[in-house]
Amino acid sequence: MKKHVVKLAEEYSAGRMLYIFFGIFILFYIIGIVLPLEVTPHYYNFMSRVWNWTEILILLLAVYYIAKTKNFQWKHAVIALFLGSVCMVSLFRDPRTADSIVTSLCVMAAFYAACRLYELADVENISIHISIAGSIRYFVLGAVIAIPLAVLNVLYYSLSRQISIRNVFSSAVFALKPAIAEEVVFRFFFLSYAYYLLRGKTKKRFFNMCIYILLVIPHELLHYPDLFIESPGWAVVMSILGSVLFGLPMALLMKKKNLQMAIGMHWFIDFARFFAGF
């Protein structure tokens, strides 16, 4: 009994930073829903506000760990700069320039910090050791895996709106932003964060549970602030469905495969949606 209590205390101690993050995230989420939108006219809906606040929170967390590690790595910095620059393409689609810049900076900081956290956790970061040709191959494989989910997603949107075919090239380019930003910020970074905080300090079952909660739930909840106001019950249902059908498969690819495949899967789902006019 005593050993069990000690073990629980150790697990709590190891995961306290995760609890703190979740606490701040939930606080921001609640404030973002309760606070009248007119108070922050820059945001056009509750989702854009809560999403942007969460990215700022993660950006600050990433910068903290970058400053903490100190040892600079040019290779990681160049890749981070490339990924953040690709996300800037959203400037041509989204008039909220400031938010797009925050997203791009968050991608850069989150990717670089994640690479450093992998090293501190003594976990091999497979994603950055894959060649350009290999990255393209994994990206395409992720896209192929995503086809059934992309079709399902388009069918869901078509229930309330009519399909209107858009330009295939612009749809493909614009889909890179959410695919890269969301997989880097909400899964690649969080996975490294969980490894850094919990690996070797908790039971494997508790460790895996924390990973999938961290990689799926915050990202999924960010899609539904407006729906939580209009219909809380339906928002809960949609959060569960989205987590099971989309969030969990991408989290599994991130953990068991690599970042490139997860981005490919995410990209094709959004590409199909944009191409269909949603």
Practice item. Using the side-chain contact (heavy atoms from CB on, under 4.5 Å) rule, take Lys68 and Leu120 through it: C-alpha gap first, then chi angles, then the decisive distance, then the call. Key: CA-CA 11 Å; Lys68 187 176 180 179; Leu120 291 175; over 6 Å; no
Exercise for review: In sequence, state the C-alpha distance, the side-chain angles, and the governing distance for Met108 and Leu81, and then conclude on side-chain contact (heavy atoms from CB on, under 4.5 Å).
Suggested key: CA-CA 6 Å; Met108 295 179 196; Leu81 180 62; 4.0 Å; yes
Exercise for review: Would you check, one step at a time, whether the test side-chain contact (heavy atoms from CB on, under 4.5 Å) holds for Phe246 with Leu241?
Suggested key: CA-CA 8 Å; Phe246 300 100; Leu241 289 175; over 6 Å; no
Exercise for review: Apply side-chain contact (heavy atoms from CB on, under 4.5 Å) to the pair Thr69 and Glu119, showing each step before the final yes or no.
Suggested key: CA-CA 10 Å; Thr69 55; Glu119 292 182 4; over 6 Å; no
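The salt bridge (Lys or Arg N to Asp or Glu O under 4.0 Å) contacts involving residues 124-141 comprise nothing, where partners must be two or more places apart or lie in separate chains. Among residues at least two apart or in separate chains, salt bridge (Lys or Arg N to Asp or Glu O under 4.0 Å) pairs with a member in residues 179-198 are Glu183-Arg187. Note on residues 24-41: pairs passing side chain to side chain donor-acceptor pair (under 3.5 Å), not counting sequence neighbours, are Thr40-Arg49. Residue pairs meeting the salt bridge (Lys or Arg N to Asp or Glu O under 4.0 Å) criterion with at least one member in residues 153-162, sequence neighbours excluded, do not occur. Among residue pairs with one or both ends in residues 131-162, those qualifying as ring pair (Phe, Tyr, Trp, His ring centres under 6.0 Å) are Phe139-Trp267, Tyr157-Phe278; sequence neighbours excluded. For residues 74-83, there are no side chain to side chain donor-acceptor pair (under 3.5 Å) pairs, not counting sequence neighbours. For the side chain to side chain donor-acceptor pair (under 3.5 Å) condition, the pairs that include at least one residue of residues 220-244, sequence neighbours left out, are Glu220-Tyr224. Under the salt bridge (Lys or Arg N to Asp or Glu O under 4.0 Å) criterion, no residue pair touches residues 255-269, with sequence neighbours excluded.
Heavy atoms of other residues, nucleotides or ligands lying less than 6.0 angstrom from CZ of Phe169 number 12 at most.
Taking CG from Leu198 and CG from Leu18, the interatomic distance works out to 5.0 Å, rounded to the nearest 0.5 Å. For the atom pair Leu59 CG and Tyr64 OH, the distance stands at 15.5 Å (nearest 0.5 Å). Distance check: Ile101 CD1 to Cys106 SG gives 13.5 Å after rounding to the nearest 0.5 Å. Once rounded to the nearest 0.5 Å, the distance linking CZ of Phe274 with CZ of Phe174 reads 9.0 Å. Between the CD1 atom in Ile130 and the CG atom in Leu259 there is a gap of 8.5 Å [rounded to 0.5 Å]. Note that CD1 of Ile56 is 4.5 Å distant from CG of Asn52, once rounded to the nearest 0.5 Å.
Ring centroids of Phe190 and Phe21 are separated by less than 6.0 Å, placing the two rings close together. Remark: aromatic rings of Tyr118 and Phe188 are close, center separation under 6.0 Å. Checked against the 6.0 Å centroid threshold, Tyr193 and Tyr65 count as a close aromatic pair.
When all heavy atoms are compared, the tightest approach of Leu149 to Leu245 is CD1-O, 3.2 Å. Contact between Ser104 and Met88 at its shortest, heavy atoms only, is OG-SD, 2.9 Å. Scanning all heavy atoms of the two residues, the minimum distance from Val244 to Leu248 falls at O-CB, 4.0 Å. Looking at every heavy atom in both residues, Val107 comes nearest to Cys87 through CG2-SG, 3.9 Å. What you find for Val144 and Pro148 is that their closest heavy atoms are O-CD, 4.2 Å. The minimum heavy-atom distance linking Ser170 with Asn167 is given by the pair N-OD1, 2.8 Å.
A continuous path of hydrophobic side-chain contacts links Val154 to Phe271 [ILVMFWY only; heavy atoms under 4.5 Å]. Under the 4.5 Å side-chain contact rule for hydrophobic residues, Phe189 and Tyr19 share a cluster. One hydrophobic cluster holds both Ile229 and Leu35 under the rule that ILVMFWY side chains link at heavy-atom gaps under 4.5 Å. Ile263 is not connected to Ile269 by any chain of hydrophobic side-chain contacts under 4.5 Å among Ile, Leu, Val, Met, Phe, Trp and Tyr, and they are in different clusters. Using a 4.5 Å cut-off between side-chain heavy atoms of Ile, Leu, Val, Met, Phe, Trp and Tyr, with links allowed through other members, Phe111 and Met265 fall into different hydrophobic clusters.
Side-chain contact between Tyr44 and Leu37: absent, with no pair of heavy atoms (C-beta onward) separated by less than 4.5 Å.
Remark: Phe82 pairs with Val86 by the side chain to side chain contact (heavy atoms under 4.5 Å, CB included) rule, at least two apart or across chains. Taking the side chain to side chain contact (heavy atoms under 4.5 Å, CB included) definition, one finds that Ile165 meets it with Ile163, Phe275, sequence neighbours left out. Thr54 pairs by the side chain to side chain contact (heavy atoms under 4.5 Å, CB included) definition with Phe25, Val50, Ile58, Phe186, Leu222, not counting sequence neighbours. The side chain to side chain contact (heavy atoms under 4.5 Å, CB included) check on Asn71 picks up Gln73, Arg116, with sequence neighbours excluded.
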